[in-house]
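Below is one structure, written out as C-alpha cells, with a few remarks after it.
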Amino acid sequence: MLVRGLRRKIGVILQLQVNGDVHEVDVPDHWTLLEVLRYRLGLTGSKQGCDKGDCGACTVLLDGQPAISCLVLAREAEGRSVLTIEGLAPRHVAAGGCGVDPVQAAFDASGALQCGFCQSGMILSAWALLARNPRPRPEEVRAALAGNLCRCTGYTQIFDAVARLATAGAATAPETSPEAVRD
Amino acid sequence: MGARDRHGIDPPWGEFRHVGQGSTKIDGLAKATGAALYADDLSLPLMLHAKTLRSPHPHARLRAIDSGAALALPGVHAVITGRDLPVRYGILPWSQDETALAVDKVRFVGDPVAAVAAVDEDTANEALKRIRVDYELLHPFLDPRESLARGDPPIHEDRKEGNVSKKVELAFGDVDSAFAGAAVVIEGDYDFHGTTHAAIEPHCVLARYGPDGVLTLWSSTQITHYVHRALSRVLGLPPHRIRVIQPCLGGAFGGKSDPFSLEFCASLLAIRTARPVKMLYTREEVFYAHRGRHPMQMRYRTAAGPDGRLAAVDARILIDGGAYSSYGLVTTYYSGQLLTGPYHFPAYRFESTRVFTNKPPCGPKRGHGSVQPRFAFEVQLDRLAERLGLDPFELRRRNLLGADATTVNGQRVTSNGFARCLERVEEASGWRQRRGRLPRGRGLGMAGSMYISGTNYPIYPNPMPQSGIQLKLDRSGLVTVFSGGNDIGQGTNTIVRCLVAEELGLQLEQVRVVAADTDLCPVDLGAYSSRGTFMIGNAVLDACRKLRGTLVSAVAESWGVDPRRVRFVDGAVVDLEDPGRSLPTADAFQLAEARFDTLGATGSYNTPSLGGDYRGGTIGASPAYSFTAHVVEVTVDEETGRITCERAWIAHDCGRALNPVLVAGQMEGSAYMGLAEALVEEHEVNRFGLHRGPSLLDYRLPTSVDTPELHSLIVESLDPEGPYGAKEAGEGPLHPAIPALSNAVFDAVGIRLQHLPFTPGKVLKALRAAAAERRPAVAAVSGT
C-alpha cells in the first residue's frame, strides 16, 4: 500500500541467511535487521530495549562478530551470515553436541539469568569472545561484554558464567561465587 | 495470622533436598535460548499497533483536540482521547488522580493525550502527527519548594491543600527533651536526586477482545491483580470478563507496579476495533512514564550521649512527587516509618511532605521510600562516630536493636542477623587493618540498614489472604502449581518449585508452575514490598501440608504400615523401616487418587495483625525484617574529582537462603544499582520540563567495565514465621550502598558528600572547600 505522506514505500525483497537458513523477506526499506528478525521471521529471542544502539539486547552475530541489530538496516545484512540466540543450540547439536550450547548452560548454571531480557545479546557477545579467545582474562571478559547492559545482576554472575567456560589452565577464576563465600 | 500460617523452620522430611542447593532457575534455559516469550514477542492475527500522543508542555489546560485528520488516514482504525476513558484510577484507593489519557489538563511533559490504533507502527506514528491539540499553557512547577509555597495554579484542582500531595507528621517519645539533654547533636542537610528503574524491557501490552466479550490483556506488569481491578474500574467491564496475564518480564524494580496508560488504551482500542492491539513504549516513553525514586530534600538532627548511644532522631523531608499520586501516600510514610532499625533510639520525630510538581510522576523503586532517608541517616551516624572518635562499626554495635524487639514506632522485629552482617563485612573487607590506613585517595566506608518482607497493608483494605496457591496432582507424578505471584526475574516461580518439591518429596522436574494469569491462578498481590518469597512461600507450604497427610495415609494403608514409616523423597516413596520397599511418586499419587478422589489443594497466607496503634501505624509493619551491612572501597582522584568504586562487600540477612544463587544475584544487583545511583544515574528534567537525557546512553547505566567487584556474604538468621525461616533479599541489600560510598569518600579524602549524585564537580568543590578550611590564612593571602 502506497500512501501519500508516509515515509514508507513498497518494501524490497531481501534475501537473508539466518541461523543457516535462507529467507526471502518483504519489508519496508527502513526496517532494521532486528525488526526483520522479530516481526517477520518470528525470531523474538533478539530483544529491543532501546532501538538506538545503547543497550545491546538486540546483539546478534554477523559473520561471527557481535553486531547491534537495531543499528543494522536489514538490507545491509544481505550476503552475510546472521546467527541469533535461537541458532546456538541447534548449531551445537548439529556439531554433535547435546542439549544447549555450553555458553547457554553456563549462564543458566551461574544464575546469570534474572529477567533474561539482556541475556540473548549477552550470551552471543560472550560466545563470540570465547570463540576467538577461549581463555579470556577477567578484564577481557568485562571489555567484551561492555556493550550489553544488564540491569539485574550487577554482572557478577555473568562473569562467573564466562569464567566457568574458560578451559583447563585458564587464567580466569570466578571473581566471587556465592557457594564459596556463603556463611 | 492463624496457626496455619506458621510452618516452622525445619525440613519436612528430616533433611533439605532442594532448599539451600542453588538450583538453576525454572525458566533459565528458556531465557538462555531465546524461547521465553515477553510481551512484545507475542503477536496475534489481525493485530493493530497503537501509539500514544503525549503532551509537549509541563502544565497546560486542554482546550480542544481534533483527531479528524488522523482518523482519515488510511490504515488508522481508531483514535481515542481522555473523553473515551474519563474514569480515574490510581494504585491507592485514596488518591486516584490519574486518567489513561488527559481529560482536561496535562501535568507533565509526556502526559498521554491521545492514542491511535493503526495497521502498523509507521501509520500510527503518522496519525499522531495529524492530531491537533489546542493547549492553554499554565505556570509549570518544577521546584518542589515552589509547590510547597504556593498552590496557584493548582496541579490538581480538587485538592484541598494546594499542591501538597501528602503530609505525615509522627512523633514517638520525648524528642525535644532528648535533644536538650544530649551530649552530641549532629545536624545535616541531604539531597537525594531522582533516579529511575531503567529495566531493559520497555513497557508493552497486547490486548484482545474476544467475541465472547472477554478482554485478555498480556502486560509487562509486576502486579497482575491490581491491573485487573483497575481495568475493570476504568473500562466499566465486570472483572470476570477481564483476564490479565503477565508473560515473561524483562525487569521491573518497581517501575511496572502502577497501572499504566497503555494498559487501558490498548484494551479500549481492542474493544473499539474488534482486533488485537499491541502497544510498546519507546525507551523515551519509559523515561517519561517513570514512577522512579522520589527526589528528597532532607534535614536530619541526631542526638546521642557521650558514649555514642542514640537519644533521638528528628527529620524533616520534602518529597518531590511529580505530577500524580501513584504510591506517594505510602512513600511519604515510608520515608519516616522504615528508619527505626537496625538501631534502637528512644525518641523519634519526622515530618514528611510530598508535593506535586509538573514532572514525570515518581513512585516505588527498589527500596521504596527508605533508600533516601537511609542515605542521610547513615552518613549522620558516620559523622557522629567521627565526632566521638569511635569506629563506625563500634558506634553501630552500641546501638543495636537486636532480635525480638519493638521499634520506637511500634514495629515488631523478630529474627535479626544484623550483628552478624556487621561482623561479616568488617572481616571480609579487612576493615580493622585497612580503614584509615590506606594511602590518601583510597578509603573504606560502611553502613547498615533494615527492610521489610512484605507488609500487612494490602493496598486496598480487605480481609482476604495476601497470597494464594493452588496445587493439582497428576497421575504422571507431576504437580502443577497455580501461583498468582509475579516472577519478574527475581525467581519467584523457581522458589515455588523448590518449596513444592521439598514438601512433597519430588524431583524439581516434577513440578511445573503456572503463574500470574488471573483466569487460572488464585490471587497474589504482586511483586512489590519484597513480599514474594515470604508470603507466596508460606502459601505454598500451607497448600502442600494439606496434601501430605492424604498422600502418606494412602501409601501407608496400601503397605499396611504406620504412616510414620512413609517418607516422600526425590521422586519416590520409601518405607523408612524396610529399605527394599519403595514406589515412584506417580504410583503414590495414583493410590491416593483411587482412595481419596482427584487430588488438589489450595493454600494461602495472610499477615498477622501488626503495627503501631496510630494512624499510619500499619504502613511499614512487616511480618519479618531483613538486615544488611555494606563496606565499600573507593578511590578518589583529587585532580579530576572522579570517584571510582573498587569493590563492595555486602552482607545480608535473608533468613534462610532458600536458593543462595538467587539470593546472591539479588544482593549483587541491589548493590550495583545503589552504587550507580550514587555516582552516575540522574533522572532530572530541565527548565522546560524535558528529561535531560531520556536514553540508556545519557542516563548512564554502568556497564560491565564500570561495575565494581561485588562480594556477597549471606547471613541466615532463620525467621520463625518465614517459609523454612526465609525473609526478603530483593530490596534490602540496596540501602547501605549509597551512604557507605559517601562514608568511604570521607575516609579517602576527608570530605562529606551529602548531595547526590556524587559528581566530579561536587567532589572538586568539596575538596576546595576543605582545603580552604584547613588553610584559611593561606587562602586569604592567595585571594588578595
Side-chain angles (χ1 to χ4, degrees), chain A residues 1 3 5-8 28 38-39 43-52 54-55 57 84-86 88-89 100 104-105 107-120 123 141-143 145-159 175-176 178-179 181-183, chain B residues 22 24-25 27-29 31-38 40-41 43 73-75 122-123 126 198-202 248-251 253 282-283 420 424 428 488-491 657 660-665 668-669 671-673 695-697 701 703-705 707 709-716:
Chain A
M1 183 174 62
V3 179
L6 291 191
R7 283 183 298 120
R8 184 158 59 91
R38 288 182 55 76
Y39 306 125
L43 295 170
T44 55
S46 305
K47 303 302 181 195
Q48 191 219 93
C50 67
D51 214 20
K52 52 173 75 170
D54 296 339
C55 74
T84 73
I85 191 69
E86 290 92 344
L88 273 193
V100 299
Q104 294 171 314
F107 271 65
D108 183 37
S110 303
L113 299 137
Q114 286 192 30
C115 86
F117 203 75
C118 71
Q119 295 290 317
S120 307
I123 286 170
V141 175
R142 285 178 178 255
L145 302 180
N148 297 87
L149 294 175
C150 171
R151 193 58 166 161
C152 296
T153 60
Y155 301 99
T156 309
Q157 290 176 332
I158 292 170
F159 300 148
E175 294 191 33
T176 60
E179 288 88 351
V181 296
R182 275 193 65 210
D183 195 58
Chain B
T24 56
K25 295 180 81 165
D27 50 5
L29 286 178
K31 287 171 173 172
T33 54
L37 294 177
Y38 299 71
D40 187 43
D41 300 339
S43 58
L73 188 68
D122 290 340
T123 309
E126 180 60 28
I200 309 294
E201 179 200 29
C248 201
L249 192 89
F253 316 110
T282 64
R283 177 52 56 182
R420 183 75 184 122
R424 292 298 310 273
I488 60 175
Q490 82 284 48
V661 176
L662 265 59
V663 170
E668 290 150 7
Y672 142 89
M673 193 173 272
S695 75
L696 293 177
L697 183 68
L701 298 187
T703 68
S704 52
V705 173
T707 301
E709 264 179 46
L710 303 169
H711 300 274
S712 41
L713 309 157
I714 295 172
V715 170
E716 299 185 282

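In what follows, chains are A, B, ... by sequence order, proteins preceding strands, each numbered from 1.
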* Decide yes or no on side-chain hydrogen bond (donor to acceptor under 3.5 Å, both in side chains) for Tyr672(B) and Arg151(A), but give the supporting numbers first. => CA-CA 9 Å; Tyr672(B) 142 89; Arg151(A) 193 58 166 161; 3.1 Å; yes
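Proximity to chain B (any heavy atom under 4.5 Å) is shown, for Phe117(A), by both the backbone and the side chain. Contact of Ala146(A) with chain B is made through backbone and side chain together, with heavy-atom distances under 4.5 Å. At a 4.5 Å heavy-atom cutoff, the contact between Leu249(B) and chain A is made by backbone atoms alone. Residue Thr33(B) touches chain A through both its backbone and its side chain, counting heavy-atom pairs closer than 4.5 Å. Both the backbone and the side chain of Leu696(B) come within contact range of chain A, each with at least one heavy atom under 4.5 Å from a heavy atom of that chain. Thr282(B) does not touch chain A: none of its heavy atoms, backbone or side chain, sits under 4.5 Å away.
Using a 4.5 Å cut-off on side-chain heavy atoms (C-beta onward), Lys47(A) and Ile200(B) make no contact.
Side-chain N/O atoms of Glu668(B) and Ser712(B) include a donor and acceptor closer than 3.5 Å.
Between chain A and the residues Gly28(B), Ala32(B), Ala671(B), the most heavy-atom pairs under 4.5 angstrom are made by Ala32(B). By number of non-hydrogen pairs under 4.5 angstrom with chain A, the leading residue of Thr703(B), Asp41(B), Thr24(B), Val663(B) is Asp41(B). Residue with the most contacts toward chain B among Cys50(A), Ala105(A), Gly111(A), Cys118(A): Cys50(A) (heavy-atom pairs, distance under 4.5 Å). Top candidate by heavy-atom pairs under 4.5 Å with chain A, chosen from Gly491(B), Ala199(B), Gly251(B), Ala198(B), is Ala198(B).
For Gln119(A), there are no side chain to side chain donor-acceptor pair (under 3.5 Å) partners two or more places apart in sequence or in a different chain. For Phe107(A), the ring-ring contact (aromatic ring centres under 6.0 Å, His included) criterion is met by no residue, not counting sequence neighbours.
Results of the side chain to side chain contact (heavy atoms under 4.5 Å, CB included) test with Ile85(A) over Ile123(A), Leu43(A), Thr44(A) single out Ile123(A) as the only residue that passes.
A salt bridge links Asp40(B) to Arg38(A): at least one charged side-chain nitrogen sits closer than 4.0 Å to a carboxylate oxygen.
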